[in-house]
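Start at 1 with the first residue, then count along the sequence.
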Amino acid sequence: MDSLTLILNKLEVCVRQQTYESLETDGVEVKSVPSTGGAWSSIRQSICAFLNSRGGTIILGIKDEKKPHRHYTFTGYTENNSGNLSELRHCFKDGRGHSLDVSEHLRIEVRPFDSGQVAIVRVSALPEDRKFCHYEGVAYERIADRDEIIPTNRLSDQEERKREMETYRELRPVADVILSDLSLQRINELIQLINQGQSQPIETLKSSIGDAVPFLEKRRFMLKDSQVTTLGVLVAGQSPADHLLFRSQMDAFVDVPNTVAQDKKNFRENILQLMELGQSWTLRNIMTGVSHQAAGTLVAEYPEKLIRESINNALAHRDYTINRPVQLTLKPRQSLSIRNPGQLPAELVFERPDDAIPVRRIFPNPKARNPRLADILKLHNKWEGKGIGMSDLVNYALANQTDLPHYLFHSSEEISLCIPSGKVLDESMNEWLDLMSGLLVEKSDGRPLTDEHRIVLAYLLKSEKANRLGLYTLALTPGNNHFGAIADLKSWGLISLHPASDQFRQVFVVCRELAHDDHHAELNQIFGGEYLRLDEISRLILNMICAAEKYSTEGGLNAKQAFRLIKTRMPQETAKRGDDEFYRAVRRRVELMAPEKSLLKSAREKSEWIVTPDRVLSMGGTPSKPIFRLNHDFVRPML
């Protein structure tokens, strides 16, 4: 009879006799089943404590009554609570606030008990490299028969230990791999690289795999107990996929609407060949165009160097304990995404998602996640070790060769880098900065903004919008070579440091006037129900005109400018209608909200603004080139 059955038998006796026996320990908890999901908090705390300690078992369906004397009563478990049990797998988070899937650490069963049944939740402890988990922002541990809060200093110490453990994941042994599974040819190729450029050989070529053992142990391809490591299989394995499965695989997709036309490839090889295969596949599938500035030469959708560094870094830094492949997804004329097993080290991530200006920024760091593997990749010129990969992502964006790169955290075990095609300073950003021309002139005391100034402003504007959507963007640092532009913009008051910045991590944000493009409250106050009755396109037009009236040198917008500003804010509508039809739709709405153009002919002065009480827009300029701004004296027409 196992210990759990013995405890259940004792509980059944106590229930029938209405007595109490102390049966809860550091590994057993007895609880009733709450009637509502919100009351399950205590159960989740106990599971959190078991996950962070040595595991344990929770028996659900029995209540510890205190009156009139202490005794157990049977409350039972029914299938009505199966949803609450299922949710237990996904209600915990790691120390950085990311969701933590603990499915593999929970085993749930239902057993007969007395006149009904109880639910048994068996909890196995999290491995050390995943502790501590949190429930509602608090980490618990099991001490005797109680769930106690883990002190802050222990949480910090554990995060540091986790970082150390992450560093050496490449050196974990791979089961069932023997010496003969390694390739002597690949070992000798590596030795030739090590000897290259040396006055005398550092290592001699090996005549047999047995002769290579001291070299393999020195390079940590093999441990002293003859176990071959993940590193050894990745670099020198004859058939890495036979032993590492998805850890030595890269999946590549061309994502197009027509699924028949999708190009799908699965590459299974050692790490050096995966890097070459991934780069070749991407270059083969990206779009190319003709550059007029470069005398008609072909220009790729993404710089080749950026593709190479991004793929190499993904494979160099991925978590090799997670049995999932790296995934490349190419959306032609949209984006290149690299989905990677693992997470970024905590010290790289700076986030304040609940601040008035939400921030989710990443700071480059040259520290290798897999240092032994990095040493091998350096020999093959596959990794520089200077944090260049992330810095180049920013530099290509600031050179206006790509749009804003960003990261998406899918879970505690997967992250994606997305590199959108296009430009940071695209048509939409140029239109917005032109719209804000009056503000820019005022802030800079009339100094003209260079392309570098405008690109930095566009980068920071797009970063703020991406951060609000839960995406992580790369921070601008001295290594981005744009501190001249940043210093100017900061001195003019067009950008400033986020209040949460410190001396080591400076996060820049644009001035609030430049970032503000939602004038809903103000428009609602001027026009009331008339504004709310307008469709989305008309409301967006009014928002842009409101901003232009405040901050542009023209004091208003024409229909063409309004179209260019809102088309990127309504991408689905633009794609459905096409540019020409969508422009006509914008122009028609402007005309319906403004006075008749014929009134401009009777204007006594060109600077005079034409107003009719029942139209939300006023109008200036000439009949052939009218511009529009708000009618602040709008009067709703009487029915």
Side-chain angles (χ1 to χ4, degrees), residues 90 92-102 129-130 133-134 159 162-163 165-167 169-170 246-253 255 271 274-275 278 282 302 306-307 309-331 334-353 358-370 373-374 383 387-394 397 402-420 463 466-475 505:
H90 308 288
F92 304 104
K93 295 185 177 182
D94 62 17
R96 291 168 54 188
H98 299 130
S99 294
L100 194 63
D101 187 348
V102 298
D129 60 358
R130 295 187 72 194
C133 75
H134 294 64
E159 289 299 313
K162 281 166 65 176
R163 285 192 285 272
M165 285 184 277
E166 286 173 355
T167 302
R169 289 180 175 180
E170 64 199 317
F246 294 122
R247 289 173 288 173
S248 61
Q249 178 171 318
M250 178 183 289
D251 296 340
F253 309 87
D255 189 355
I271 187 167
L274 281 181
M275 289 177 170
T282 306
Y302 304 95
L306 181 61
I307 292 171
E309 288 180 354
S310 299
I311 292 173
N312 290 358
N313 279 332
L315 289 163
H317 296 301
R318 65 154 290 172
D319 186 338
Y320 282 99
T321 64
I322 300 174
N323 191 24
R324 294 179 192 165
V326 171
Q327 293 182 338
L328 300 180
T329 302
L330 182 65
K331 294 184 178 181
Q334 291 186 45
S335 63
L336 170 65
S337 296
I338 306 174
R339 186 162 177 161
N340 222 31
Q343 273 296 348
L344 293 174
E347 63 267 20
L348 303 191
V349 181
F350 182 88
E351 54 186 336
R352 298 290 188 276
V359 170
R360 292 179 170 91
R361 303 287 167 90
I362 295 169
F363 286 80
N365 188 317
K367 183 178 179 181
R369 300 290 302 280
N370 301 299
L373 176 58
W383 188 72
I388 287 176
M390 283 188 174
S391 294
D392 273 354
L393 281 170
V394 178
T402 70
D403 207 338
L404 179 77
H406 56 265
Y407 289 84
L408 174 62
F409 296 169
H410 298 280
S411 68
S412 60
E413 294 188 343
E414 269 191 309
I415 185 173
S416 282
L417 164 65
C418 179
I419 310 172
S463 288
N467 292 172
R468 289 184 185 277
L469 295 173
L471 304 175
Y472 291 73
T473 55
L474 289 157
R505 294 190 285 192

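In this structure a side-chain-to-backbone donor-acceptor pair under 3.5 Å is present from Asn467 to Arg360. Remark: side-chain polar atoms of Gln343 are paired, donor with acceptor, to backbone N or O of Ser411 under 3.5 angstrom. Put simply, the side chain of Ser310 gets close to the backbone of Leu306: a donor and an acceptor are under 3.5 Å apart. Between the Arg352 side chain and the Val359 main chain, no donor and acceptor come within less than 3.5 Å of each other.
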Passes side chain to side chain contact (heavy atoms under 4.5 Å, CB included), Phe409 versus Leu344? Steps please.
-> CA-CA 9 Å; Phe409 296 169; Leu344 293 174; 4.1 Å; yes
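Taking all atoms of both residues into account, the shortest heavy-atom contact from His406 to Pro420 is CE1-CG, 3.9 Å. Of all heavy-atom pairs spanning Arg324 and Pro341, the tightest one is O-CG, 3.4 Å. In terms of heavy-atom proximity, Thr402 sits nearest to Tyr302 at CG2-CD2, 4.4 Å. Scanning both residues, Leu100 and Cys133, for their nearest heavy atoms gives CD2-CB, 3.4 Å. Heavy-atom minimum distance, Leu404 versus Ala466: CD2-CB, 4.1 Å. The nearest pair of heavy atoms linking Ile322 to Arg318 is O-NH2, 2.6 Å.
Distance check, rounded to the nearest 0.5 Å: CD of Gln327 to CG of Asn340 gives 10.0 Å. Leu315 contributes atom CG, which lies 9.0 Å from atom CG of Leu373 (distance to the nearest 0.5 angstrom). Atom CD1 of Ile338 is separated from atom OG of Ser416 by 9.0 Å, given to the nearest 0.5 angstrom. Atom-to-atom distance recorded for Leu330:CG and Ser337:OG is 9.0 Å, nearest 0.5 angstrom. To the nearest 0.5 Å, atoms CZ (Arg96) and CD (Glu159) are separated by 8.5 Å. To the nearest 0.5 angstrom, Asn312 atom CG is 11.5 Å from Ile307 atom CD1.
Two residues are said to be in side-chain contact when any heavy atoms from C-beta on lie closer than 4.5 Å; Met390 and Pro405 fail this criterion. In this structure the side chain of Leu474 reaches within 4.5 angstrom of the side chain of Tyr407, judged on heavy atoms. Using a 4.5 Å heavy-atom threshold, the side chains of Ile271 and Tyr320 count as touching. Residues Arg361 and Thr473 form a side-chain contact, since some pair of their non-hydrogen atoms from C-beta on lies under 4.5 Å apart. Under the 4.5 Å side-chain criterion, counting only non-hydrogen atoms from C-beta, His98 is not in contact with Ile415. Put simply, the side chain of Leu328 reaches to within 4.5 Å of the side chain of Met250, judged on heavy atoms. Contact of the Leu417 side chain with the Leu393 side chain is registered, since non-hydrogen atoms from C-beta on lie closer than 4.5 Å. Side-chain contact between His90 and Ser99 is absent, with no heavy atoms from C-beta onward closer than 4.5 Å.
In this structure, Phe350 and Phe363 have perpendicular ring planes: the angle between them is above 60°, well past the 30° mark.
Side chains of Ser412 and Asp101: no donor on one and acceptor on the other come within 3.5 Å.
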